[in-house]
Amino acid sequence: MTTTVNMLLLLAGCALVTWLPRILPFLFVKSVELPDVVLRWLKYIPICILSALVFEGMFEEKGKLVVIDGYHFFAAIPTLLVAVWTKSLSKTVIVGVASMALLRLFFE
Amino acid sequence: METQYIATPNTFRQGIKDCLPTLLGYVSIGLAFGVVATTSNLSILEIFLLSLLVYAGSAQFIFCGLYMAGAPVTVIILTTFIVNLRHLLMALTVAPYFTKYSSLRNIGFGTLLTDETFGVAVTKIAQENRLGGNWMDGLNITAYSTWVIACTVGGLIGKWMPDAESWGLDYALAAMFIALLILSLASSPRHQIMRYLKLIGIMGLTLYCLLYFMPGHLAVLIATLIVATIGVMTE
């Protein structure tokens, strides 16, 4: 249960750069009406960020190439099916984690 | 013709209720984080402070990776900034629904905004076309306290169970992103779904190409900007 002054400064720095992007839109949107094209653009952000994060987890750098990570790819199939069928966050996470555990158990 | 929306109450309690499905994700990722962090030589106090102050799963994992690799302070802070810059886009999406609330409450909404609470809020917008402040606080505070506790407990467990990967726990984050993606697809208008699927295909290609030139977290940010722009231009 210890820490150092340097670590506290590092944590404070990380906290600040994380906090500002989170709160500034909430303060700024109050006074400024965003133009229509920006609002339409923002509608695409959720699906874009989420799909980008899904793909980013699946791709892996191998030497000079970027390849699809086998474990992530095969774990994604049952995970995706359960997500489509159940539309449930918790069931999807359980099946995802279990699939990954089983894949590692049998193929590692 | 007006679209009919089903309205749920704007109460703290309803916010807690809507947060419940995400809690398993927070708990498993938080525990996994705690375990990983102990193997990166962070103390329990440091794990607690990191989850309390930074409160962002992917950034916390990256923090550990960089810290362990001995990266300079400036690199760790800059990377944290870039990784978490996506919150700016998410906050821009959600903030217009809270303009009637005070600045102080808006700071509160923003401070506790995460990928998951954003996902839940966006689903709520798609279903009801509105967001309530009490509801948002209930959602945010439930998620936040669960996260901080899970991370800290994970740190304690880390002393005994150092092999989180073989349990598949590291995959919880990816599975959660898949579920959130499907949920936001399912709640978008039927006739738009084919377009969104095409954009997701374009995203896969864009991200793949970008990964040759930059680290993953920067690629996520830039690919999002590019593909969202393609979306607007092809309307």
Side-chain angles (χ1 to χ4, degrees), chain A residues 1-3 6-7 9-15 17-19 21-27 29-30 34 37 39-42 44-57 59 61 66 72 75-76 79-80 83-84 87-90 92-101 104-105, chain B residues 21-22 24-25 43-46 49 53-54 56 73 77 80-81 84-89 91-93 95-96 99 103 106-107 109-111 113 122 166-169 171-172 174-184 186 196 200 203-204 207-208 211-212 216 220 223-224 227-228 231-232:
Chain A
M1 288 289 274
T2 51
T3 188
N6 281 345
M7 177 56 103
L9 289 174
L10 175 60
L11 287 173
C14 289
V17 297
T18 305
W19 188 55
R22 270 178 172 154
I23 60 149
L24 286 179
F26 280 87
L27 295 174
V29 172
K30 278 173 78 78
L34 290 171
V37 64
L39 291 175
R40 278 192 288 131
W41 184 75
L42 287 173
Y44 290 96
I45 297 297
I47 284 178
C48 288
I49 293 184
L50 291 170
S51 55
L53 287 168
V54 169
F55 284 121
E56 200 250 337
F59 291 138
E61 251 180 90
V66 177
H72 272 81
T79 310
L80 196 64
V84 171
K87 310 259 189 318
S88 153
L89 222 53
S90 27
T92 307
V93 172
I94 293 173
V95 169
V97 167
S99 314
M100 188 50 107
R104 291 220 176 94
L105 188 68
Chain B
T22 66
L24 186 74
S43 70
I44 305 288
L45 176 65
E46 287 162 351
L49 287 174
L53 295 174
V54 176
V73 171
I77 293 179
T80 305
F81 176 66
N84 287 335
L85 203 54
R86 68 181 187 285
H87 290 134
L88 185 79
L89 302 176
L92 276 170
T93 310
T99 45
S103 297
N106 267 286
I107 290 176
F109 301 140
T111 302
L113 190 70
V122 169
S166 68
W167 294 74
L169 278 178
Y171 192 67
M176 181 122 78
F177 290 144
I178 290 178
L180 288 172
L181 178 62
I182 296 299
L183 281 177
S184 55
Y196 285 139
I200 291 172
M203 172 56 79
L207 195 80
Y208 181 82
L211 282 173
Y212 278 96
V220 166
T224 298
V227 178
V232 175

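The sequence lines fix the lettering, A, B, ..., with proteins before strands; numbering per chain opens at 1. The figures here come from the full heavy-atom set of this structure, side chains too, leaving out hydrogens, waters and symmetry mates. Treat the numbers as computed from the prediction; the structure is a model and nothing was measured.
- With chain A as partner, the option from B:A91, B:A56, B:P96 having the largest number of non-hydrogen pairs under 4.5 angstrom is B:A91.
- With a 4.5 Å cut-off on non-hydrogen atoms, B:L88 touches chain A through its backbone and its side chain both.
- Separating the OG atom in A:S99 from the OH atom in B:Y171 is a distance of 7.5 Å, to the nearest 0.5 Å.
- In this structure B:F177 satisfies the ring pair (Phe, Tyr, Trp, His ring centres under 6.0 Å) test with no other residue, sequence neighbours excluded.
- With A:R22 contributing its side chain and B:L113 its backbone, the two residues share a donor-acceptor pair below 3.5 Å.
- Of the residues considered (B:A223, B:S184, B:G204), B:G204 shows the highest number of contacts with chain A, using heavy-atom pairs under 4.5 Å.
- Residues B:A228 and A:C48 come closest through the heavy atom pair N-SG, 3.6 Å.
- Between chain A and the options B:L49, B:T22, B:L180, B:V73, heavy-atom pairs under 4.5 Å are most frequent for B:L180.
- Taking the six-membered ring for Trp and thresholds of 30 and 60 degrees, B:F109 and A:F26 have ring planes inclined between 30 and 60 degrees apart.
- Here the closest non-hydrogen pair linking B:L207 and A:F59 is CD2-CD1, 4.0 Å.
- For B:V122, the part sitting under 4.5 Å from any heavy atom of chain A is the side chain, from C-beta outward, and nothing else.
- Contacts of A:W19 with chain B are made by side-chain atoms alone, with heavy-atom separations under 4.5 Å and no backbone atom involved.
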Margin query: Please evaluate residues A:I94 and B:L24 with respect to the criterion side chain to side chain contact (heavy atoms under 4.5 Å, CB included), reporting the C-alpha separation (whole Å), side-chain torsions for both, the decisive distance (0.1 Å), and the verdict.
Written below: CA-CA 8 Å; A:I94 293 173; B:L24 186 74; 3.2 Å; yes

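- Interface remark: of the candidates A:G13, A:G96, A:A52, A:A52 forms the most heavy-atom pairs closer than 4.5 Å to chain B.
- Side-chain atoms of A:Y44 never come within 3.5 Å of backbone atoms of B:V227 as a donor-acceptor pair (strictly under, hydrogens ignored).
- Across every non-hydrogen atom of A:P25 and B:A95, the tightest pair is O-CB, 3.7 Å.
- For A:A98, no part lies under 4.5 angstrom from a heavy atom of chain B.
- Taking CG from A:L27 and CD1 from B:I107, the interatomic distance works out to 4.5 Å, rounded to the nearest 0.5 Å.
- Two residues are said to be in side-chain contact when any heavy atoms from C-beta on lie closer than 4.5 Å; A:F55 and B:I200 meet this criterion.
- Comparing A:L9, A:V84, A:N6, A:V17 by heavy-atom pairs within less than 4.5 Å of chain B, the highest count is held by A:V17.
- Counting heavy-atom pairs under 4.5 Å between each of A:S88, A:G57, A:S51, A:A76 and chain B puts A:S51 at the top.
- The minimum heavy-atom distance between A:E61 and B:L211, with the atom names listed, is OE2-O, 4.3 Å.
- For the atom pair CD1 (A:I23) and OG (B:S103), the distance works out to 10.0 Å, reported to the nearest 0.5 Å.
- Taking all atoms of both residues into account, the shortest heavy-atom contact from A:T92 to B:A175 is CG2-O, 3.7 Å.
- In this structure, A:L24 CG and B:N106 CG are separated by 12.0 Å, a value rounded to the nearest 0.5 Å.
- Expressed to the nearest 0.5 Å, how far CD of B:E46 lies from CG of A:L11 amounts to 7.0 Å.
- Here the side chains of A:V37 and B:V232 are in contact, with some heavy-atom distance below 4.5 Å.
- For B:I77, the parts sitting under 4.5 Å from any heavy atom of chain A are the backbone and the side chain alike.
- With A:L50 as reference, B:L181 is the one residue of B:I178, B:I182, B:L181 to meet the side chain to side chain contact (heavy atoms under 4.5 Å, CB included) rule.
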